[in-house]
Amino acid sequence: MALTAKYNAQTVEEKWYSYWMEQGFFHSEVNDKEPYTIVIPPPNVTGVLHMGHMLNNTLQDVLIRRARLKGYNACWVPGTDHASIATEAKVVAKLKEEGIEKDSLTREEFLEHAWKWTHKHGGIILEQLKKLGASCDWERTKFTMDEDLSKSVIKVFVDLHNKGKVYRGYRMVNWDPQAKTTLSDEEVIYVEKQGNLYYLNYKIEGSEDTLTIATTRPETIMGDTAICINPNDGRFAHLKGKKAIVPISNRVVPIIEDEYVDVEFGTGCLKVTPAHDENDKMLGDKHNLEVVDIFNDDATLNSFGMHYEGKDRFVVRREIVKELEELGALVKTEQHTNKIGTSERTGAVIEPKLSDQWFLNMKELAQPALDAVLEKEVNLVPEKFVNTYRHWMENVRDWNISRQLWWGHQIPAFYYGDGKEEYVVAETMEEALAIAQEKSGNNQLQLTDLKQDPDALDTWFSSWLWPISVFNGILEPDNEEINYYYPTNDLVTAPEILFFWVARMIIAGYEYRGEKPFNNVYLTGIVRDKQRRKMSKSLGNSPDPIELINNYGADGVRVGMLLSSPAGNDLMFDEDLCKQGSGFVNKIWNAYRLIDGWEVSKTEKATEASTIAITWYKSKFQKVLATIEDHYSKYRISDALMSTYKLVWDDFCSWLLEMVKPAYGKPIAAETYNEVIGILENNLKILHPFVPFVSEEIWQHIAERTPEEALIVSEWPKTETIDEQLIKDFDFAAEVISGIRTIRKQKNISFKDAISLSVINNENSSTQFNAVIEKMGNVSALNNVDTAVDGALTFRVKSNEYFIPIEGAIDVEQEIAKLTEELSYTQGFLKSVQKKLSNERFVSGAPEKVVAMEKQKEADALAKIETIKASLAGLQ
RNA sequence: GGGCGCUUAGCUCAGUUGGUUCAGAGCACUUGGUUUACACCCAAGGGGUCGGGGGUUCGAAUCCCUCAGCGCCCA
């Protein structure tokens, strides 16, 4: 079969991906081999593939493909996440477009819409991942709301409740007024915003005096129930025990004292609104203040807002400032920047709100998970994240796990009465009824008397079980699969979700398996554009990944993603990287085209150059293989790629193939050809994790292969001994060849013109590469000589001196200048070495090895100086 | 405000316990090369006071102090 001149990525990629699928190479079953497991960070069902997924999943595929080649039973479990808030928001928006309000639907009706939406969009990302070449075990695809996974979530909730870890509490929570739900602390993003600081006068009861407070939120004055001063602040001693009158509402509120107040900030007088600020709530509890909640769930004002009732908080802010100004209560307005909490999902400004929510007590649960990372049971890569992790875990706060949403796992709490405590928690309604009858002492209770808590659980409360629940390890804790695949090996994810997800998975792992969920966590960087901006849909600075694959091929994009993504460092993505990637693929392809085009002769003898070249490459390959293994062991995937890239491009293509290449029109010895094919096959194996498609394509071209012989399931190259001396000798020869090329370029000697080369072999260097030097330098004859050759261009490698006689006159002046410069540099170098060696403290203080090396340097320099001096003498 | 980290070539980054050619790689750049795999190519080359200053040491990109700039996490 003739090879196309241009590599056609698209057809090749489709062909081999379906072949791999048909042969079931991605599928894993429990067997006798050692498992290697990865669970995918499940993408949201709302999502489309973005560059972060590309990076993340490329890395996972590299790891899983390499594990497969190394003979592990490789299992990569894919799946998706139901993403409560995001999905519900999307469905609500879609319904709105169709003129349907969520409120007009029953829960069941709404969920029907949500499921429909999920079935339509949920699998998009997974389908897109196939284009990238992801070798997931698609037969194992899971969804966080699958029946068994849902049951696992409910079981865990009930279990934690029975253990007293899950509790219901009336707390200040983060309220997203757009999604109309609470958020966990982790879902709040603080952003710096330019705002105003308003100075307002409050009258003091029974006097004409006023006091001045400073606030960023004048719209909350309707909720003020106190003014607070610092007892140590002499300025306000006269206010002690008095009362103040809140403007507009004219509510009379006490003036309390607390050292919490920052004397430096604002005026030193603080208005206290316990219903709408966490710190104020704390003051309110301490001083027994009234709590006045002035907001509706959508952050419009309620009846406490008086004539502002029904208006949005930000509208009210503008209007109330005007009114306060008219009343003469506004003293001044200053510009002020502060950090404002916003919703991770909707971007809405968070409103602190008091409400009943479900919480998970984290302190004790977190302890084993903290120890696991500190003791390196679980490795975070890069290690710098350990500190961040420790800090979060040591200061972990209780987790608000309830969400005022329908899409998700409904909380299995059932109320049998109107009292706050009149509820039971159980996995099923029937169980709930039995417990309720017992708890209430009322045997007459019916199923219809039970009302389930309408709230859903935080999405992360299901995904924290992911590494366990995908193997059904919660419902059947002793099943064969969980025992075999768990703990998984590596997790690849973004540092952004270290707390949201990774930490909580570790917690759940220890709580429900008594064991870590994974050995290593590889935290990738964030994909940014060239201007260091995070790639996002809203900025429109993210290329379409599928478009990229169409343009550069999946292999090209994979290489492009990996080229510049050291662990934990952000990746400044540039489409040129994909271009470089596809350039590499093209290079590999063309190297094979060259080999494939050779006429093979059984009678032709292997040339001396090709024999030594092949021996050399095998050693070089082993050396680089060891380096690559080391990089992988440290999760330095881009370094592993770069080592492979240079091995294939430089050592294989530029050196080996050029050294064994037969002269134009000549056949190649069968012996040499077979060796080169063997070498190529090993190259393809180490290339495969990075460029699975082109490597399989070439592999299958080389020979007819049975399915069992496919590259994807072949064997990773064995390590063999490395002949270091041979590699050194080659490097020396390469320097000689480089010297010849430099002279050719300087003197404008075309490569087509053969030259003769003489050497004074002061180094006593190996001559086994002489045939290579002749071939690669187009040298007609390589002679050993004892004395300098007259009328020749010269260069030196170490203390070896090389002569290239040329027709016509040598520019003696230029040669002398060149030599003089080289001489003075070497003399300077010698001087510094000798200075070191004559330093008594160096010789006695430094290790023997280091001193010996310095002595070697001295000897080398002395020898080199001799040869240069001799050459100079010859010229003058 | 508290904690962590970063600063090395034009760009993106390596550089392990201080000690071989340790001042590096890839890209970009400059120059030359196209009948014979690849111009998505080949070959050669230029380029850095290792953020500034101070210290420890025989020896510092590497350890310590300090200043400046940047980033992340938490409140």
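Both backbone and side-chain heavy atoms feed into the values below; hydrogens, waters and symmetry mates do not. Note that the structure is predicted; figures quoted are calculated from it, not measured. Residue numbers start from 1 in every chain, and the chains themselves are labelled A, B, ... in the order their sequence lines are given, proteins ahead of strands.
- For B:rG1 and B:rU62, the P atoms lie 30 Å apart once the distance is rounded to whole Å.
- Taking a cutoff of 4.0 Å between a charged side-chain nitrogen and a carboxylate oxygen, A:Glu858 and A:Lys855 do not qualify as a salt bridge.
- For the pair A:Asn590 CG and B:rA39 P, the interatomic distance rounds to 7 Å; values are reported in whole Å.
- Residue contacts shown for A:Trp655 are absent, as no nucleic acid heavy atom lies under 4.0 Å away.
- A 3.5 Å limit on both hydrogen-bonding distances identifies no Watson-Crick or G-U partner for B:rU35.
- Among B:rA14, B:rG5, B:rC27, the nucleotide with an atom closest to any side-chain atom of A:Tyr645 is B:rC27.
- Atom-to-atom, CG of A:Leu571 to P of B:rA14 comes out at 13 Å; the value is rounded to the nearest Å.
- Within 4.0 Å (heavy atoms only), A:Ser750 reaches no atom of the nucleic acid at all.
- Residue A:Lys661 is classed as a base contact, given a heavy-atom separation below 4.0 Å to a base.
- Remark on RNA chain B: of its neighbouring residues A:Lys646 and A:Thr742, the 5'-side contact belongs to A:Lys646, judged by nearest-heavy-atom nucleotide.
- Across all strands, A:Phe499 comes closer than 4.0 Å only to sugar-phosphate atoms, never to a base (heavy-atom distances).
- Residue A:Glu658 places its side chain closer to B:rC38 than to any other of B:rU21, B:rC38, B:rC42.
- Of all nucleotides present, only B:rG5 satisfies the Watson-Crick or G-U wobble test against B:rC70, with each distance under 3.5 Å.
- Taking the P atom of each, B:rG52 and B:rA61 are spaced 11 Å apart, rounded to whole Å.
- Residue A:Thr388 is classed as a sugar-phosphate contact, given heavy-atom separations below 4.0 Å to backbone atoms only.
- Comparing atom distances between the A:Met572 side chain and each of B:rG26, B:rU12, B:rA75 picks out B:rU12 as nearest.
- What separates CZ of A:Phe385 from P of B:rG71 is a distance of 17 Å, to the nearest Å.
- Around atom NZ of A:Lys363, more than 12 heavy atoms belonging to other residues, nucleotides or ligands sit under 6.0 Å away.
- With hydrogens and angles ignored, the 3.5 Å screen pairs no side-chain donor or acceptor of A:Ser654 with any backbone N or O of A:Asp651.
- Residue-environment remark: CD (A:Gln746) exceeds the threshold of 12 foreign heavy atoms within 6.0 Å.
- When each of A:Gly665 and A:Trp649 is assigned the nucleotide of RNA chain B with its nearest heavy atom, A:Gly665 is the one assigned upstream, toward the 5' end.
- Distance, A:Asn748 CG to B:rA44 P: 16 Å, rounded to whole Å.
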Passes salt bridge (charged side-chain N to carboxylate O under 4.0 Å, His left out), A:Glu854 versus A:Lys857? Steps please.
CA-CA 5 Å; A:Glu854 290 300 317; A:Lys857 279 200 230 168; 3.1 Å; yes
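- Nucleic acid contact for A:Gln580: sugar-phosphate only, since backbone atoms but no base atoms lie under 4.0 Å from a heavy atom of the residue.
- Taking the six-membered ring where tryptophan is involved, the planes of A:Phe795 and A:Tyr802 are essentially parallel, since the angle between them stays under 30° and well short of 60°.
- Nucleotide B:rU12 holds its P atom 14 Å from the CG atom of A:Asp576, rounded to whole Å.
- One finds no salt bridge joining A:Glu658 and A:Lys775 here, because no Lys/Arg side-chain nitrogen approaches an Asp/Glu carboxylate oxygen to under 4.0 Å.
- The separation between A:Lys745 atom NZ and B:rG45 atom P is 8 Å, rounded to whole Å.
- Taking atom CZ of A:Phe584 as the reference point, atom P of B:rC41 lies 12 Å away to the nearest angstrom.
- Rounded to a whole angstrom, the distance from the P atom of B:rC13 to that of B:rG18 is 26 Å.
- Only the P atoms considered, B:rA23 is 15 Å distant from B:rU16, to the nearest whole Å.
- Distance A:Asn395 CG to B:rG2 P: 15 Å, rounded to the nearest Å.
- Applying the Watson-Crick and G-U wobble criteria (two distances, each under 3.5 Å), B:rG47 pairs with nothing in any strand.
- When distances are taken from the side chain of A:Asp639 to each of B:rA14, B:rU21, B:rA25, the shortest belongs to B:rA14.
- Pair check for B:rA23 finds none; no Watson-Crick or G-U wobble contact set falls under 3.5 Å.
- Below the 3.5 angstrom threshold, one finds no donor paired with an acceptor across the side chain of A:Lys579 and the base of B:rC40.
- A sub-4.0 Å separation between OP1 or OP2 of B:rC13 and a side-chain N or O of A:Ser638 is absent.
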